[in-house]
Asks: 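Let me give you the structure first, and then I'll get to my questions.
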Amino acid sequence: MAARRVRDRNAGGRLHLTPEDEARLAWWREARFGMFIHWGLYAIPAGKWKGEDIPGIGEWIMHAARIPVVEYEPLAARFNPTRFDAGAWVGLAKKAGMKYLVITSKHHDGFAIYDSAVSDYDVVDATPFGRDVLAELAEACRKAGIRLCFYHSQDQDWHEPNASGNDWDDFPPPAKRDFEGYLREKVKPQLTELLTQYGPIGLIWFDTPMLITEAQSEDLRRFVHELQPDCLVSGRIGHGVGDYGSLGDNQIPPGRAVGAWETPATMNDTWGFKTEDHNWKSTTTLLHLLADLAGKGINYLLNVGPTAEGEIPRPSVERLEAIGRWMEVNGEAIYGTSPSPYAYAFDWGGITQKGSTLYLLLTHWPDAGLTLHGLRNKVKSAYLLAAPDITLEVSQTRNDDLDHDVLELELPPNGPDEHVSVVALELDGPASVDAAPLQQPDGSIELLAGMADLHVPKRGSRIEVHPGGVIANWYNKANWMSWKFKVVEPGKFDVKVVTGTLRHYGVWEGGHRIRVSVGGSSVSGATAADEQTGGARASYFPEHVTNLGRITIDSVGMHELKVRAEEINKSALGGVALASVRLQRA
Ligand code: JFZ
């Protein structure tokens with residue numbers, strides 16, 4: 001089967017940011033944490049249609065149940081959210097420590113939740129509610145000092161014959177649709193309304209670029225910036241022209257991100273309200289994700305899906321209030337921070353930094369203190385954000401022959417916070433660490449795809465690191481990867497190859513044969529689902545661990561590990577979606 005190139009890079013931000021770009025991004029980088037709101041007609045069926053449970057995400061019910069426009073439109077006459085209270089919604093976002101709010105001004109179903117003169121298919125002209133939701137939210141956000149932003153589906157519009165997405169009504173085939181006309185007649189006029197009638201807008205969150213061309217994406221970005229120069233556009237405007245990148249839904253890369261990225265995430269499994277979706281992530285999981293993403297330099301856009309009555313579901317409220325209580329004590333470790341000085345993550349949690357302070361966000365409290373390898377700075381003091389008056393003991397040693405630094409941090413038996421406890425290390429200057437992948441205190445070595453040297457052929461498909469942290473487009477055996485890493489305790493290691501997926505709401509695909517070699521030691525095998533890597537990170541983009549066998553590394557110092565693909569399953573999306581190689585002490 002012909003190799004299929006993965007085009008997800010089109011959700012990325014532009015790679016070369018000018019000083020003007022960086023100035024526009026400054027508030028967004030500082031914010032780190034925002035509220036996503038998916039609200040519209042789909043909250044009425046709430047996952048059910050004609051008595052049937054409709055699978056999938058709630059706001060896609062028109063698509064999933066292939067509901068003709070003529071049957072879906074009458075929902076507008078039933079939309080009367082009498083319990084809608086913009087002040088309550090914005091107050092909850094503020095209480096949770098969220099700094100921006102992105103609400104669906106128009107989702108794929110084409111219905112606008114503001115008073116649009118472009119189309120009467122909107123909350124003022126077509127519903128008994130008759131109020132301009134965005135106008136009320138704009139006023140509440142202004143009072144609360146929260147940036148108002150809009151999700152606006154610029155490509156899919158299932159109500160319009162010239163937009164993408166509706167292939168069940170009697171609309172022209174995609175190639176025959178006048179998409180340029182749709183942009184001209186509906187998208188741009190509605191963006192003009194949104195960017196001239198509701199005050200300063202923080203960003204436009206575009207989505208699912210399908211028919212849009214690169215020229216149209218560029219033109220739309222210019223169009224937004226002409227109306228409001230400070231308004232950001234998200235990566236899903238398409239073709240990598242966003243002001244920042246949008247990762248896949250609930251997608252969390254294994255290591256630090258390069259550039260400006262945001263992860264949109266659900267609290268359960270749906271964006272739009274679904275009566276039957278009770279799969280709520282715990283507050284602990286949500287805070288672990290916040291800590292993990294901040295450590296990787298990624299904004300966390302956490303979603304709520306209000307009901308047809310206009311209320312945010314109680315489980316969402318409870319979780320956001322708990323997050324807010326955590327933020328009151330620990331927010332300095334999130335807001336305005338830079339990502340970890342390490343390119344890889346730690347199993348005990350995330351690291352952020354601000355000036356000469358390093359924040360260790362401990363999602364798992366160590367049993368007997370914490371050991372950190374590779375920090376070159378002198379630690380002047382250490383304390384818990386929750387108990388700043390209590391000094392934590394730190395000892396630091398250095399092996400000059402190995403150029404290896406070890407920090408030992410004494411910790412009390414239990415962390416002060418049930419979810420994430422934060423230790424602040426005051427350093428003698430901005431953090432500086434050993435950039436090589438290092439053997440960790442437990443003897444393991446994690447080699448992430450994003451840290452590899454990629455060896456590509458002069459001609460043929462070239463592998464690249466997908467923003468989600470796995471290798472993309474590895475269909476050609478002439479491609480291979482290598483890492484140079486540091487060993488401080490030689491011995492025998494079990495070789496574990498971690499492969500992920502590029503499919504959304506992922507289906508993991510194997511069928512490859514991988515060889516790993518270090519010096520004269522080499523093992524190979526077929527990628528298989530020997531183990532699943534657990535945790536919130538892999539719950540939407542499953543990763544599988546293949547045990548390849550055991551190798552010996554018999555000396556300290558720098559070593560090189562090489563990975564080659566001896567057989568490739570070309571039907572797997574993206575080819576060998578390698579995420580990392582782990583060497584675990586045997
Ligand atoms: C899109 C929407 O279709 C969905 O309804 C929701 O609004 C979500 C936030 O965004 O869903 C997507 C879009 C892109 C990817 C996955 C789901 N992607 O690139 O993997």
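Each residue takes its place number in the sequence, starting with 1. Since this is a predicted model, take the numbers as computed values, not measurements.
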Asks: Picking from Arg32, Lys99, Glu262, what satisfies side-chain hydrogen bond (donor to acceptor under 3.5 Å, both in side chains) with Asn299?
Replies: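 With Asn299 as partner, side-chain hydrogen bond (donor to acceptor under 3.5 Å, both in side chains) holds for just one option, Arg32.
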Asks: For the residue pair Pro467 and Trp261, establish whether any side-chain heavy-atom pair is separated by less than 4.5 Å.
Replies: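 Heavy-atom side-chain distance check passes, below 4.5 Å.
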Asks: Do Ile201 and Val224 have side chains that get closer than 4.5 Å, going by heavy atoms?
Replies: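 When only atoms from C-beta onward are counted, Val224 and Ile201 do not touch, as no gap falls below 4.5 Å.
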Asks: Checking the side chain of Asp243 only, and the main-chain atoms of Val233 only, is there a donor and an acceptor separated by less than 3.5 Å?
Replies: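 Such a contact is found between Asp243 side chain and Val233 backbone.
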Asks: Among residues two or more places apart or on two chains, list those pairs meeting side-chain hydrogen bond (donor to acceptor under 3.5 Å, both in side chains) that have a residue in residues 572-586.
Replies: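 Residue pairs with at least one partner in residues 572-586: Glu446-Ser580, Glu446-Arg582, Glu489-Arg585.
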Asks: How far apart are the closest heavy atoms of Ser524 and Glu566, and which atoms are they?
Replies: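 Closest approach of Ser524 to Glu566, heavy atoms only: CB-OE1, 4.0 Å.
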Asks: What about the rings of Trp348 and His364, do their centers lie closer together than 6.0 Å?
Replies: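 Not under 6.0 Å, so no.
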Asks: Would you say the ring centroid of His38 lies under 6.0 angstrom from that of Phe36?
Replies: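 Close enough - the centres of the two rings lie under 6.0 Å apart.
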Asks: Can you tell me how far CD1 of Ile463 sits from OH of Tyr475, rounded to the nearest 0.5 angstrom?
Replies: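 Here the rounded value is 12.5 Å.
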Asks: Would you say that Asn479 contacts Pro457 through its side chain, given a criterion of any heavy-atom pair below 4.5 Å between the two side chains?
Replies: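 They are in side-chain contact.
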Asks: Not counting sequence neighbours, which residues clear ring pair (Phe, Tyr, Trp, His ring centres under 6.0 Å) with His108? List them please.
Replies: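 Here the qualifying residues are Trp60, Trp158.
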Asks: Any side-chain to backbone donor/acceptor pair from Thr352 onto Ile334? Under 3.5 Å, distance only.
Replies: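 No.
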Asks: What do you reckon, is NZ of Lys188 surrounded by more than 12 foreign heavy atoms closer than 6.0 Å?
Replies: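 Result for NZ/Lys188: enclosed.
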Asks: Do any N or O atoms from the side chain of Lys484 and from the backbone of Glu560 form a donor-acceptor pair under 3.5 angstrom?
Replies: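 No, Lys484 side chain to Glu560 backbone: no donor-acceptor pair under 3.5 Å.
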Asks: Flag the pair Trp28 / Tyr244 as yes when their ring centroid distance falls below 6.0 Å, and as no otherwise.
Replies: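 Yes, the ring centres sit under 6.0 Å apart.
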